[in-house]
Number of protein chains: 2
Amino acid sequence: MPEATKPRRLTPKGQATKNRIIEAATALIAQRGVAGTGIEDVRAAAGVSGSQLYHYFASKQALIRAVITRQADSALDPGLPRITALDSFEALRAWADAAIERQRENGCRGGCDLGTLAGELSGTDEESRTDLANGFLRWKDLILNGLRAMRERDELRADADLDELAFALLSAHQGGTLLSQTVLDVQPLEASMNATLAYIRSFATDQRQPVR
Amino acid sequence: MPEATKPRRLTPKGQATKNRIIEAATALIAQRGVAGTGIEDVRAAAGVSGSQLYHYFASKQALIRAVITRQADSALDPGLPRITALDSFEALRAWADAAIERQRENGCRGGCDLGTLAGELSGTDEESRTDLANGFLRWKDLILNGLRAMRERDELRADADLDELAFALLSAHQGGTLLSQTVLDVQPLEASMNATLAYIRSFATDQRQPVR
DNA sequence: CACTTTCTGGGTTGTTCTGTCCAGAAAACG
DNA sequence: CGTTTTCTGGACAGAACAACCCAGAAAGTG
C-alpha cells in the first residue's frame with residue numbers, strides 16, 4: 001500500500017476541480033446509482049479529463065466516500081437552508097415539510113440521500129458503511145439535541161425516551177423517502193412523517209397545540 | 001427482441017433447478033448486493049453450470065426481478081412463519097418483535113429485503129422499480145386490511161387514518177431496518193417499531209392495554 | 001527569471017462480467 | 001426401443017470499466 005496518495009494541500013484551482021468532480025459524481029449517483037455511474041461518466045460531466053480523477057482520488061471507492069462525507073455534512077439533507085436547530089415543534093414540522101416538498105419537486109426520483117447510498121453500500125463496502133453510519137449518528141444527535149432542548153424548556157415531558165424518538169424520526173424519514181422513491185408518490189413519506197411527529201407531540205407538556 | 005424466451009412449462013427437474021438458482025441468487029445478493037453479485041457467482045453457488053442461467057432467465061435483470069417477486073411473495077419478510085393476518089395489537093407486536101429478533105440474529109447484516117433491493121434498484125432500473133413498488137403496496141394492503149379488521153371490531157377508533165398508519169408502519173420498518181443495517185445495531189429498528197406501534201395504539205378504543 | 005511543484009490530457013492495459021454457441025446427456029413419450 | 005424435447009456443460013466473444021503512465025502546460029516560489 002503506497003501510503004494513500006499523500007494529501008498535500010491543494011492549490012485553490014485544484015480544490016475547485018476536486019469539488020467539481022465531487023459535485024458531478026453526486027449528481028450522477030443521484031440519477032443512476034453508484035453502480036450505474038462510471039468513472040468515465042463522472043469525468044465527462046465534471047468537464048475534466050483523463051487521469052484527473054485518480055490525481056484527486058485514489059480510487060472510485062475514495063470518490064464515493066468523499067460524496068458520502070459531503071452528503072453527511074450537508075446536515076439533514078432536506079435543504080440547502082441548513083438546519084441549525086430542530087428544537088421546537090414548529091422547526092420539526094418545517095423540516096418535515098421541506099423534506100416532503102423537496103421529494104415532490106423532483107417527482108420522487110431518488111436524490112443522493114445517505115439512505116439511498118446506504119442501501120447500495122452498507123452490505124458491500126465496510127469502509128463506506130462506517131462513513132454512512134457516522135453520518136446517520138450525527139443526524140440522530142442533531143435531532144436528539146433539539147429534543148433535549150425542548151425537554152429542558154419543559155415543552156416535552158420528562159418521561160419521553162428521547163433516544164427512541166430521535167431514532168424513530170430518522171427511521172421514518174429514511175424509510176418514507178425510500179418508499180416514496182420506489183412508489184413514486186409522496187404519500188408514504190407524508191404518512192410516516194405525520195405519524196412520527198404526532199407521536200412526538202403526544203409527549204408535549206402543552207397538549208393544546210393542534211396535531212395538524 | 002426474440003419473443004422473450006417462450007416460457008413453455010418446465011419439467012419438475014427444471015423447475016427445481018430454476019428455484020435453486022433463485023435461492024442462490026437471493027442468498028448472494030443478501031450478502032453482497034445486486035451489483036456485487038455476478039452471474040458467475042450465482043452459477044457456482046447454485047451448483048449449476050454454464051449457460052443454465054440464460055436457459056432459465058433471459059438476462060441478469062430477469063433473474064433479479066425473479067428474486068424481487070419471490071421476496072415480495074414471502075409476505076412481510078420477518079419470517080418464514082408467514083404472516084396471515086396483522087389484525088390485532090398482539091399480532092402487530094409479534095410481527096415487529098420477529099423483525100427485530102431476525103435482525104439481531106444475523107448481526108444486522110443486510111438481508112435481502114425489498115428495502116435493500118429498492119435502495120439499489122429504484123433509481124436505476126424502471127422495471128425492477130415497478131416490481132418493488134407492487135411488492136410494497138401489497139404489504140401495505142396487508143397491514144391496512146389488518147387495521148380495517150381492527151376498526152370493524154371496534155378496537156380502533158373511527159377517526160384513525162388507516163392509510164396513514166399502514167404507510168407509517170411500513171416506512172418505519174423499512175427505515176429502521178436500513179438504519180440498523182448501516183449502524184450495525186438493532187436500536188434504530190426497535191425505536192421506530194416501538195414508536196409507530198405506540199402511535200397506532202393511541203388510536204385504540206380500549207386504552208387500558210399497556211403500551212409496553 | 002530560473003526552477004519546482006501542481007495540474008491537465010489523452011491514450012492504454014488488463015481484468016471482470018454479461019451474454020452466446022454448440023455439442024452431448026438425460027428424461028419424456030410414442 | 002427409437003425419437004423428440006428438455007436439460008446440462010464448458011468454452012468463448014465482446015463490451016465496459018477501473019486503474020496506470022507519460023509528457024506537457026500552468027501556477028507558484030526563490
Side-chain angles (χ1 to χ4, degrees), chain A residues 1-25 28-29 31-67 120-121 124-125 127-128, chain B residues 1-25 28-29 31-67 120-121 124-125 127-128:
Chain A
M1 244 183 261
E3 186 57 32
T5 311
K6 205 62 169 287
R8 263 140 127 165
R9 62 213 152 100
L10 282 300
T11 64
K13 190 173 178 183
Q15 190 56 261
T17 305
K18 189 172 177 179
N19 284 338
R20 201 148 29 98
I21 293 173
I22 297 183
E23 270 160 35
L28 284 177
I29 289 173
Q31 288 175 8
R32 293 139 76 166
V34 175
T37 302
I39 291 283
E40 168 62 18
D41 304 325
V42 176
R43 190 202 60 71
V48 302
S49 132
S51 64
Q52 279 335 94
L53 286 159
Y54 289 97
H55 187 183
Y56 296 106
F57 302 96
S59 63
K60 182 180 182 181
Q61 196 216 23
L63 171 58
I64 302 300
R65 292 185 67 186
V67 171
E120 194 165 351
L121 299 174
T124 312
D125 170 15
E127 312 213 315
S128 298
Chain B
M1 245 185 264
E3 185 58 33
T5 310
K6 205 63 170 286
R8 264 141 127 165
R9 62 213 152 101
L10 282 299
T11 63
K13 191 174 178 182
Q15 189 56 261
T17 305
K18 188 171 179 179
N19 284 337
R20 202 148 28 98
I21 293 173
I22 297 183
E23 271 160 35
L28 284 177
I29 289 173
Q31 288 176 8
R32 292 140 74 167
V34 174
T37 302
I39 291 284
E40 168 63 17
D41 304 325
V42 176
R43 190 203 59 72
V48 302
S49 130
S51 64
Q52 278 336 92
L53 286 159
Y54 289 97
H55 187 181
Y56 295 107
F57 303 96
S59 63
K60 182 179 181 181
Q61 196 217 23
L63 172 59
I64 302 299
R65 292 185 66 186
V67 170
E120 195 165 352
L121 299 174
T124 313
D125 170 16
E127 312 213 314
S128 299

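Numbered from 1 within each chain, the chains take letters A, B, ... in sequence-line order.
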Starting at atom CD1 of A/Ile39, determine the distance to atom C1' of C/dT13, rounded to an integer number of angstrom. 16 Å

Can you measure A/Arg20 atom CZ to C/dC7 atom C1' for me and round it to whole angstrom units? 12 Å

Between atom CG in A/Asn19 and atom P in C/dC7, what is the gap in whole Å? 13 Å

Salt bridge or not between B/Glu23 and B/Arg20? Use side-chain N to carboxylate O under 4.0 Å. no

Minimum-distance nucleotide (side-chain atoms of A/Gln52 versus C/dT18, C/dG9, D/dA19): C/dG9

Any side-chain heavy-atom pair of A/Phe57 and A/Ile21 under 4.5 Å: yes

Between C/dC17 (P) and B/Lys60 (NZ): distance, integer Å: 9 Å

Nearest to the side chain of A/Tyr56, heavy atoms from C-beta on, is which of C/dT8, D/dC7, C/dG19? C/dT8

Is the phosphate of D/dC7 approached by B/Thr17 (side-chain N or O, under 4.0 Å from OP1 or OP2)? no

Pairwise side-chain contact, A/His55 with A/Thr17, heavy-atom cut-off 4.5 Å (strictly under): no

Can you measure from OH (B/Tyr56) to CD1 (B/Ile22) and round to the nearest 0.5 angstrom? 11.0 Å

I need the CD1-P distance between A/Ile21 and D/dA18, as an integer number of Å. 14 Å

Using whole Å, report how far CG of B/Leu53 lies from P of C/dG19. 11 Å

Of the listed nucleotides (D/dC20, C/dG9, D/dC7), which one gets closest to any side-chain atom of B/His55? D/dC7

Integer-rounded Å distance: C/dG9 P and A/Glu40 CD: 13 Å

Nearest-angstrom distance from the residue atom CZ of B/Arg43 to P of C/dT16: 16 Å

Any side-chain N or O of A/Tyr54 less than 4.0 Å from the OP1 or OP2 oxygen of D/dA19? yes

